[in-house]
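Each remark here refers to the structure printed beneath this line.
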2 protein chains.
Amino acid sequence: MLKFSIMKRSDDCHPTIFLMSIIQTKSVADQVEEVLRERIRNATYLAGNRIPSESELSDELGVSRATVRTVLAKLAVNGLIIRKQGDGTYVNARVQEVSAHAGNLWDLVRLIENNGSKASIQPLLISEKAASEKEAQVLALETGEPLVQFKRLFLADQRPVILANNVVPLSFFRVPLEQIDGQLHFREILHQYCHQEIGFVITDIHSALAADEVRQVLKNQSALTVLELHMAFYSRNNQPLAVGLNYFDDSALRLSLVQAWS
Amino acid sequence: MLKFSIMKRSDDCHPTIFLMSIIQTKSVADQVEEVLRERIRNATYLAGNRIPSESELSDELGVSRATVRTVLAKLAVNGLIIRKQGDGTYVNARVQEVSAHAGNLWDLVRLIENNGSKASIQPLLISEKAASEKEAQVLALETGEPLVQFKRLFLADQRPVILANNVVPLSFFRVPLEQIDGQLHFREILHQYCHQEIGFVITDIHSALAADEVRQVLKNQSALTVLELHMAFYSRNNQPLAVGLNYFDDSALRLSLVQAWS
DNA sequence: AAGTGGTCTAGACCACGAC
DNA sequence: TCGTGGTCTAGACCACTTA
């Protein structure tokens, strides 16, 4: 019913909107979000200008005002729009160029793509190793228990920007290591080969001198320092899934966050 | 009406809840959030356990299920609870010790307090200076125009952890610089002395070698590197308000983010 | 089958800003 | 005063998990 309302008006929109509502069965709210993001991207709603009111949008798109509001709230948190009580909702141009919206800090591919670059993953090493003391502690294992180590290089437009090091307990794997596709998103690796879903991630950000090995791999001659992203992945059941240590070349890629007030 | 429902049951709750609902006129959702956060904090809801269902909570607290849901959604984004369709909502113990919940990265005081330390601010310098080229660019001014510079040291339990450097155009100030209280939150400084409200902040995170001056001030003998937080403050009208350059001693204070999936 | 969270609606009232 | 976003309600239906 809701989907239908959007489809009826699909001639007003970009054709892809129409396709998506057939191919995927996205929620109404997600469809509305797509429409609004697209209108901001293609300047149907001009930067700095006021967009239609909540009631107008809910009439036009054939959804309730509550649904429109959940979408607008999400866009406001991401800083894409600015809402003013008693006045209206405005497009925020300044924010569109920003890379990480905090929600996707751990999704390195999206982070690179949000920077405006083409992301690719180059697997360097997939092999067994024994758990270090620290790894064992986070993963709730004994030191020395077997892990699978993923050493991968993330490229932005062919330029190396992040050296990622992730380890997963060997016991999670349902397939031989040889069958693993090292170019998949880490989330996909855990899903396909371990049948595990990521529930949440805790990331610690540190500054450090770049080790020689890291500098060589990142081809970073100028900068002496790198950002270290220490990540711990957990399932929705609070079970530790993986530990990540990522070396981030902040001279090649911006790590920026938007924080909207209230 | 809603407030009244909570007040009626205030004998079940911590006394402060009752007071708050009188002193401040918080929204119903905020009051519900306070109650739930308190119950998680004081282990009324045990870590790892399931909390009452949405319907039970809405009955008990006398609010609609929708209101309960908006609160639970917020807590889930912060990682404090984990929601499972068809099952229930669970308390996530792992996340409670984490410092920055992305939303308050620019609020350095809250960041320190979330780390479990007592925060204090020590003003080092408040004075006029001319805008550098870069500062002028962000603030949409001409190079050399007068700024007010705030150099301040943030302490966690008396230990220096962040050296903050903020500049604001002099033209914003309605009072002589001598009257400024350098221990206020930066948000308060802009509010009280400039009548400006922060709409959003864009923060770039970089890694850098610590300059000698910075190391001396931070009393950081061991670590050679610091995190640099480059911040740009804007009003809700998209007007640039201030530029910040903060040196963050990541060996003394964790900068960690939680990201919950979906 | 029962109970949970996920989604959406229609309508109400309020607080605020601009005119 | 009017229109905007802010808040909240009551109730509906769906998808999912568990038993």
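We use all heavy atoms of the structure for the numbers below, so side chains are in, but hydrogens, waters and symmetry mates are not.
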- request: Can you measure from CD1 (A:I121) to NE2 (A:H185) and round to the nearest 0.5 angstrom?
  value: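 Answer rounded to 0.5 Å: 6.0 Å.
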query: So how far is it from A:I205 CD1 to B:L257 CG, rounded to the nearest 0.5 Å?
result: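 Separation between the atoms: 4.5 Å.
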message: For nucleotides 14-19 of chain D, give me one character per nucleotide, 5' to 3': B if any protein heavy atom sits under 4.0 Å from the base, S if the only such contacts are to the sugar-phosphate, - if neither.
response: -BBBS-
field: Side-chain donor/acceptor of A:N42 to backbone N/O of A:T44, under 3.5 Å
entry: yes
message: Between A:R37 and A:E34, does any NZ, NE, NH1 or NH2 come within less than 4.0 Å of an OD or OE carboxylate oxygen?
response: no
- prompt: Going by an N to O cut-off under 4.0 Å, is there a salt bridge joining B:R110 and B:E113?
  reply: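 No salt bridge links B:R110 with B:E113.
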OP1, OP2 of [N] versus side-chain N and O of [X]: anything below 4.0 Å?
X     : N      : answer
B:R69 : C:dG6  : yes
A:T67 : C:dT9  : yes
A:S64 : C:dA10 : no
B:S55 : C:dG3  : no
A:S27 : C:dG6  : no

message: Please list all pairs meeting salt bridge (charged side-chain N to carboxylate O under 4.0 Å, His left out) that have one or both residues in residues 44-55 of chain A, counting only residues at least two apart or in different chains.
response: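 Those involving residues 44-55 of chain A are A:R50-A:D87, A:E54-A:R65, A:E54-A:R69, A:E54-A:R83.
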Figure out the [atom1]/[atom2] separation between [X] and [N], and round it to whole Å.
X     : N      : atom1 : atom2 : value
B:K74 : C:dG5  : NZ    : P     : 20 Å
A:L72 : D:dT4  : CG    : P     : 13 Å
B:L57 : C:dG6  : CG    : C1'   : 16 Å
B:R65 : D:dC13 : CZ    : C1'   : 11 Å
A:D59 : D:dT4  : CG    : P     : 11 Å
B:L75 : C:dG5  : CG    : C1'   : 15 Å
B:Y90 : C:dG3  : OH    : C1'   : 12 Å
B:I82 : C:dG5  : CD1   : C1'   : 14 Å

message: Take a 6.0 Å sphere around CD of B:Q239 and say whether it holds more than 12 heavy atoms from other residues, nucleotides or ligands.
response: yes
If you only use heavy atoms from C-beta on, which nucleotide in [options] is closest to the side chain of [X]?
X     : options               : result
A:V63 : C:dT9, C:dG6, C:dA12  : C:dT9
B:A66 : D:dT4, D:dA12, D:dA10 : D:dA10
B:S53 : C:dG5, C:dC8, C:dC13  : C:dG5

- prompt: Checking all strands, does A:T89 fall into the base, sugar-phosphate, or nothing category for heavy-atom contacts under 4.0 angstrom?
  reply: sugar-phosphate
query: Closer to the 5' end of DNA chain D via nearest nucleotide, is it A:E54 or B:T70?
result: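 Whichever sits nearer the 5' end wins; that is A:E54.
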- prompt: Can you name the residues that form a ring-ring contact (aromatic ring centres under 6.0 Å, His included) with B:F154, not counting sequence neighbours?
  reply: none
